Peer 1: 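Please read through the structure below; I'll follow up with questions.
Every chain is numbered from 1 and lettered A, B, ... according to where its sequence line falls, protein lines coming before strand lines. Just so we're clear, the structure is a prediction, and the values are computed from it rather than from any experiment.
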Amino acid sequence: MTTPLSVRALRGFLCLAFLGLGACGQKEAPPPDAATIAALRPADPRLAEIYAASCLACHTMADSGAPLTGDGEQWKPRLNKGMSVLLKNVVEGVNGMPAGGQCFACTPEDYTALILFMSQPPR
Amino acid sequence: MMVSRRSLFLGMAGVAAVAGAGGWAASRVGVQPEPPAPPGQDEAGRLLWRNWSGIQTAYPAQRAAPGSEGELAALVRTAPGPLRAVGSGHSFMPLVPTPGTLVTLDRMTGLISHDKATSTAVAWGGTRLADLGAALAGIGQEMPNLPDINKQSLAGATATGTHGTGATLPALHGNITALRLVTGRGDILDCDVARNAELFQAARLGLGAFGIVTQVTLQNSPLKRVERNVWLQPLEQTLADWPRLHQAHRNIEFYYLPFTDMTAVITHDETDEPATVRPPAQDNEALLDLKKLRDWLGWSPALRRRVARQVMSGLEPERVVDESWRLLSNERPVRFNEMEFHLPLEAQVGALQEVIAAIEGQRNDVFFPIEARIVAPDDAWLSPFQGRMTGSIAVHAYYKDQYDFLYQLVEPIMRRHGGRPHWGKLNSLKRADFAALYPRFNDAAELRRQMDPEGRFLNDYLRGVFADA
């Protein structure tokens, strides 16, 4: 909680850039179906617990208007804004996204990891 | 919220043409900016907390997600105060903000036990209502009444008097038969009508001021399917029919659509009919279409009214059948601020007419539907429904819009009609007002002082409400 937000955001941005490079030249994956989206979970048990308690309720429901977990096409325009902007939007809230994304004990590192998880197509 | 099989105003191009001809300069067309946000961190590096709508903020020194009652009790004894438990942050009043410790029960969720014979179930306080509905369905039970939004935690919803609608159905806390809480001293107490009975009456709607509720025992019903019907009809007809309607349907509410003279009536009744295919939800599109109508034609109420009625005349009623927990609570991605008062039922229609006249006479910018519901009485000490059949009126403002009119125009009308504010929704009442509205308020304040003499759970707002620590 003491690391400046900007440093954490930079760390997230670097992760994102790395992911982007890794995806270069690959064909866009088709959007996953609803059952696949509902079943996706982060590999890390702690993150999986947070995801289930906070993110899943909106990011697996098309009615919520939130970008769906694993749907790279929906996430692409968000990711293009840069992780620092995404992180700011999560902390402050934007449009239908409430501040903190319903996770009240998350750190910026948690938010970054969850964004990265949700924005990746399932493997 | 209003439901339609298709968006309300699919033909917005025609509306745009009219606006272009007459009132472009006076319209709100264009991208409405986000309200100003406070910094994401304060000078000490503490991360921002904001409520769902964005108007309540805090920079807690510590955030905690205990995984057990023992962990929570230790936290209450040692963590920097005040300790405030947050459910889903859906309260518009400053119940949660704390410079001390923000506690979430997100790691204390799910069903603990149940009794099929009595249709009761014990659940962890951190369970979100959407998850609870699914879990109860799995054991053949349902909560007979649910609020409109499915995101709240069980303990947070009941702590603020969250309710649904139906003449025979009490608010959520009215179906609590027992609870367990962690007190300001870090003790773990069980409460019901026999054990710690007074604390039970105070804490089942307790604002998080009597302790942090960890477990709740609910009196549920056997799982049923319900038939939802939604239709539009003129306001005048709905108000005249209201006594008959609320006697005839298990769950019933209506929304008045500002500057249209029309209402959307929503009913849910038990049925043995098979579940129907549920069409994609379009409530939010309809809501944003009402916003578009405001944006384009807000400068001319007469034209706005005429266009709205013309477009609405083509909308068909909707019928859906499903398990009630799937239909009563919903996704609500369009954020808003809200004031809701609970009035004696006999005052509801008159107060609503006054509210509509005030808004349509002075606030052309309002577009959010105004909601009318009915709630059965209960006997919790701080329940707004205590001792009387209640008619509720809720007025909303889009989260990017000004909401000061709620205090200036709406609250005086509600108070003149004997209204009690929803504890989680906007109001300006003080301790003396609450003491006048609640016969057991002073008893509750004294019990709170005994349970938490050091004020571990009192933030600035609650200190003002109870004014005794």
Peer 1: Is it the side chain or the backbone of B:Trp52 that comes within 4.5 Å of chain A heavy atoms, both, or neither?
Peer 2: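 Both backbone and side chain of B:Trp52 come within 4.5 Å of chain A.
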Peer 1: In sequence, state the C-alpha distance, the side-chain angles, and the governing distance for A:Gln102 and B:Asp106, and then conclude on side chain to side chain contact (heavy atoms under 4.5 Å, CB included).
Peer 2: CA-CA 10 Å; A:Gln102 293 286 297; B:Asp106 275 354; over 6 Å; no
Peer 1: When you measure from the side chain of B:Arg63 to the backbone N and O of A:Cys106, does any donor-acceptor pair fall under 3.5 Å?
Peer 2: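 Such a contact is absent between B:Arg63 side chain and A:Cys106 backbone.
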Peer 1: Return the OG to CZ distance between A:Ser54 and B:Arg128, rounded to the nearest 0.5 Å.
Peer 2: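 Rounded to the nearest 0.5 Å, the OG-CZ separation comes out at 6.0 Å.
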Peer 1: May I ask you to name which of B:Asn51, B:Val86, B:Thr104 has the most heavy-atom pairs under 4.5 Å with chain A?
Peer 2: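 Result: the option with the highest number of such pairs is B:Val86.
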Peer 1: Checking B:Pro38 against chain A: side chain, backbone, both or neither under 4.5 Å from a heavy atom?
Peer 2: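 The answer is the backbone of B:Pro38.
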Peer 1: Of the non-hydrogen atoms in B:Ala64 and A:Ala105, which two are nearest, and what is the gap between them?
Peer 2: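 Looking at all heavy atoms of both residues, the closest pair is C-CB, 4.5 Å.
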Peer 1: Looking only at non-hydrogen atoms, find the nearest pair between B:Arg335 and A:Gly96 and report the distance.
Peer 2: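 So the two residues come closest at NE-C, 4.1 Å.
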Peer 1: Taking CD in B:Gln32 as the centre, count heavy atoms belonging to other residues, nucleotides or ligands within less than 6.0 Å. Is the count above 12?
Peer 2: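 Counting other residues, nucleotides and ligands, CD of B:Gln32 exceeds 12 neighbours.
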Peer 1: What is the distance from atom CD1 of A:Ile50 to atom CZ of B:Arg107, rounded to the nearest 0.5 Å?
Peer 2: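 One gets 9.0 Å once the value is rounded to the nearest 0.5 Å.
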Peer 1: Please examine the side chains of A:Thr107 and B:Leu47, heavy atoms only from C-beta on, and report whether any two atoms are closer than 4.5 Å.
Peer 2: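 No, too far: nothing below the 4.5 Å cut-off.
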Peer 1: Does this structure show an ion pair linking A:Glu92 with B:Arg50, if we count only N-O contacts that are shorter than 4.0 Å?
Peer 2: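 No salt bridge links A:Glu92 with B:Arg50.
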Peer 1: Is a side-chain N or O of B:Tyr399 found less than 3.5 angstrom from the main chain of A:Asn95, in a donor-acceptor match?
Peer 2: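 Side chain of B:Tyr399 to backbone of A:Asn95, a donor-acceptor pair under 3.5 Å: yes, one is there.
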